[in-house]
Amino acid sequence: MRQAEQLPEPKLDTKARRETYQIINKTMQPLLKMKGFRPVAELEHHLSQYGD
């Protein structure tokens, strides 16, 4: 796991990033709703504020 954390984040252009978030949001929608989040960006924001 630590090796994965040391890898640099891939640089995605805006279109690729938007498409990636759309796929993630659609796939994770049931889990996100169960946890009280709508888009995955909302979950990311929560985690950045309150940690894992």
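Source: prediction; values computed, not measured.
Cluster membership for I23 and V40, using ILVMFWY side-chain heavy atoms within less than 4.5 angstrom, is not shared.
Counting only residues at least two apart or in different chains, side-chain hydrogen bond (donor to acceptor under 3.5 Å, both in side chains) contacts with residues 12-21 comprise Y21-E44. Among residue pairs with one or both ends in residues 27-38, none qualify as side-chain hydrogen bond (donor to acceptor under 3.5 Å, both in side chains); sequence neighbours excluded.
Under the 3.5 Å distance criterion, the side-chain polar atoms of N25 are left unmatched by any main-chain donor or acceptor of P39.
With sequence neighbours left out, H45 forms a ring pair (Phe, Tyr, Trp, His ring centres under 6.0 Å) with no residue at all.
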